[in-house]
Amino acid sequence: MKLVRYGARGKEKPGLVDPEGKIRDLSGLVSDIAGDVLSKKGLAKIAKANWEKLPLVKGRPRLGSPVGRVGNFIAVGLNYADHAAETGAAIPTEPILFNKAPSCIVGPNDDVMLPKKSVKTDWEIELAIVIGERARYVSKKDAMSVVAGFCICNDVSERAFQIERGGQWMKGKGCETFGPLGPWLVTADEVKDVQKLGMWLDVNGERMQTGSTKTMIFDVKTIVSYISEFLVLEPGDVITTGTPPGVGLGMKPPKFLKAGDVMTLGIEGLGEQKQTVVAWK
């Protein structure tokens with residue numbers, strides 16, 4: 001299934017993308033695409049519904065994040081061998097983890113806002129994992145059993161804050177609007193091989209990133225299992241899993257975003273996003 005949340009910001013309704021690509025309203029079935037609705041039981045309830053009888057949503061409504069009420073928004077750094085190489089970083093021996101703030105999360109086509117004093121805001125196309133079951137010390141073998149599905153994340157990053165201000169990476173990763181998610185959540189059963197998905201990102205129509213999840217250093221199963229050693233994962237938590245090469249920081253000379261720039265990005269089978277960069281307001 002492809003699940004969406006649509007409507008005005010803060011008032012999104014749950015929806016299903018039908019086989020014809022149209023949005024069907026799920027409000028009569030579930031209150032939101034969040035929490036326990038993402039569990040096996042919750043998704044089974046939606047899957048059993050006759051989509052043809054669900055109300056058709058008219059027009060082209062705004063799409064919000066396909067996951068509501070996200071608790072933990074966790075990110076993995078330097079998780080693509082070719083991206084580590086372009087930044088001159090050593091290959092990690094264990095996953096590098098940091099937090100993004102839930103306030104980073106916006107819809108897939110919402111504006112990305114440059115923070116105050118930003119001089120080095122950068123782009124990062126990433127595969128995001130959406131958790132569906134409570135997970136503590138889950139094994140790699142069982143890790144996929146706690147995954148509800150996948151979506152696209154643009155892990156927008158302010159490199160001066162991240163690298164030059166000392167301390168944790170989250171300084172450059174947690175700014176408002178720095179985590180567009182969507183356009184939809186694709187349930188895990190629809191993704192044939194999550195480790196063979198092509199991905200790309202353009203800025204102003206120029207290709208910047210081209211990659212594949214096959215070059216991940218730590219795969220999805222490893223990431224979910226590893227993180228569950230350190231914290232309890234809950235339904236609706238989101239893990240964004242690192243980016244392939246082509247970020248602005250790695251270019252010679254480096255390139256960074258400015259107001260008016262447009263980012264377009266996509267992952268095979270997971271849809272596309274499009275964001276305009278705006279000044280802080």
Side-chain angles (χ1 to χ4, degrees), residues 2-15 30-38 61-77 97-115 118 121-132 147-158 161-162 168-187 199 201 223-224 227 231 233-243 257 263-267 270-278 280-281:
K2 291 183 176 69
L3 303 176
V4 297
R5 297 170 70 249
Y6 68 94
R9 190 176 304 204
K11 297 181 179 180
E12 293 91 348
K13 295 181 179 180
V30 297
S31 60
D32 199 358
I33 308 299
D36 288 339
V37 170
L38 293 161
R62 169 191 172 269
L63 295 180
S65 162
V67 187
R69 304 196 308 271
V70 175
N72 290 306
F73 190 9
I74 306 159
V76 183
L97 305 180
F98 58 90
N99 284 95
K100 288 180 74 73
S103 56
C104 293
I105 297 172
V106 291
N109 304 312
D110 290 343
D111 292 342
V112 165
M113 185 171 62
L114 296 172
S118 169
T121 294
D122 204 348
W123 54 84
E124 291 192 9
I125 171 73
E126 302 198 3
L127 170 77
I129 306 164
V130 179
I131 298 298
V147 173
F150 304 95
C151 65
I152 299 169
C153 176
N154 188 353
D155 176 22
V156 185
S157 309
E158 213 300 339
F161 296 0
Q162 176 189 354
Q168 295 291 324
W169 284 11
M170 64 177 291
K171 291 180 181 178
K173 298 284 193 171
C175 303
E176 189 177 358
T177 76
F178 271 23
L181 296 178
W184 39 68
L185 164 65
V186 179
T187 52
M199 52 207 308
L201 181 145
I223 289 168
V224 172
I227 293 174
L231 58 90
L233 291 168
E234 299 284 0
D237 285 352
V238 175
I239 304 168
T240 190
T241 59
T243 197
L257 295 166
M263 294 178 283
T264 311
L265 53 152
I267 296 180
L270 302 185
E272 297 184 9
Q273 298 184 354
K274 184 176 183 179
Q275 298 110 27
T276 299
V277 180
V278 299
W280 185 86
K281 54 186 177 182

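Sequential numbering from 1 along the given sequence is applied to the chain's residues.
Partners of Arg9 according to the side-chain contact (heavy atoms from CB on, under 4.5 Å) rule, which considers only residues two or more places apart in sequence or in another chain, are Glu12, Arg62, Val106, Asp110. Partners of Ser65 according to the side-chain hydrogen bond (donor to acceptor under 3.5 Å, both in side chains) rule, which considers only residues two or more places apart in sequence or in another chain, do not exist here. For Pro61, the side-chain contact (heavy atoms from CB on, under 4.5 Å) test picks out Tyr6, Ile23, Val57, with sequence neighbours left out. Scored by the side-chain hydrogen bond (donor to acceptor under 3.5 Å, both in side chains) test, Lys173 finds Glu124, Asp155, Ser157 as partners (sequence neighbours excluded). The side-chain contact (heavy atoms from CB on, under 4.5 Å) search around Cys104 returns Phe73, Lys100, Ala101, Phe178, not counting sequence neighbours.
The two residues Gly35 and Pro235 make their nearest non-hydrogen contact at O-CB, 3.3 Å. Closest approach of Trp169 to Gly77, counting heavy atoms only: CZ3-CA, 3.7 Å. Nearest heavy-atom pair across Pro183 and Pro66 is O-CB, 4.4 Å. A pairwise comparison of heavy atoms in Gln273 and Ile152 identifies NE2-O, 3.1 Å as the closest pair.
The backbone N or O of Lys171 sits nowhere less than 3.5 Å from a side-chain atom of Glu158 that would complete a donor-acceptor pair. A donor-acceptor pair under 3.5 Å is formed between the side chain of Thr177 and the backbone N or O of Met113. With hydrogens and angles ignored, the 3.5 Å screen pairs no side-chain donor or acceptor of Thr264 with any backbone N or O of Lys274.
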Where do Cys151 and Val130 land on the side-chain contact (heavy atoms from CB on, under 4.5 Å) test, with the steps shown first? CA-CA 8 Å; Cys151 65; Val130 179; 4.3 Å; yes
Walk me through whether Val70 and Asn72 qualify under side-chain contact (heavy atoms from CB on, under 4.5 Å). CA-CA 6 Å; Val70 175; Asn72 290 306; 6.0 Å; no
Apply side-chain contact (heavy atoms from CB on, under 4.5 Å) to residues Val278 and Val112 and explain how you reach the verdict. CA-CA 6 Å; Val278 299; Val112 165; over 6 Å; no
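Judged by distance alone, the side chains of Gln275 and Asn154 do bring a donor and an acceptor atom under 3.5 Å apart.
Each of Val30, Val147, Leu185 was evaluated against Leu38; a single residue qualifies, Leu185, per the side-chain contact (heavy atoms from CB on, under 4.5 Å) test.
Annotation: salt bridge (charged side-chain N to carboxylate O under 4.0 Å, His left out) contacts involving residues 178-187, sequence neighbours excluded, are absent.
The CG atom of Leu265 sits 12.0 Å away from the CH2 atom of Trp123 when rounded to the nearest 0.5 Å. How far CD1 of Ile131 is from CD1 of Ile227: 7.5 Å, rounded to the nearest 0.5 Å. In this structure, CG in Asp237 is found 11.5 Å from CD1 in Ile129, a value given to the nearest 0.5 Å. In this structure, Glu126 CD and Thr241 OG1 are separated by 6.0 Å, a value rounded to the nearest 0.5 Å. For the atom pair Gln162 CD and Met170 CE, the distance stands at 12.0 Å (nearest 0.5 Å). With rounding to the nearest 0.5 Å, the separation of CD in Glu176 from CG in Leu114 is 12.0 Å.
Residues Val238 and Ile74 fail the side-chain proximity criterion, which asks for heavy atoms closer than 4.5 Å. At a threshold of 4.5 Å between non-hydrogen side-chain atoms, the residues Thr121 and Pro115 count as touching. Two residues are said to be in side-chain contact when any heavy atoms from C-beta on lie closer than 4.5 Å; Leu270 and Leu127 meet this criterion. In this structure, Pro14 and Leu3 have side chains that are not in contact, with every pair of non-hydrogen atoms separated by 4.5 Å or more.
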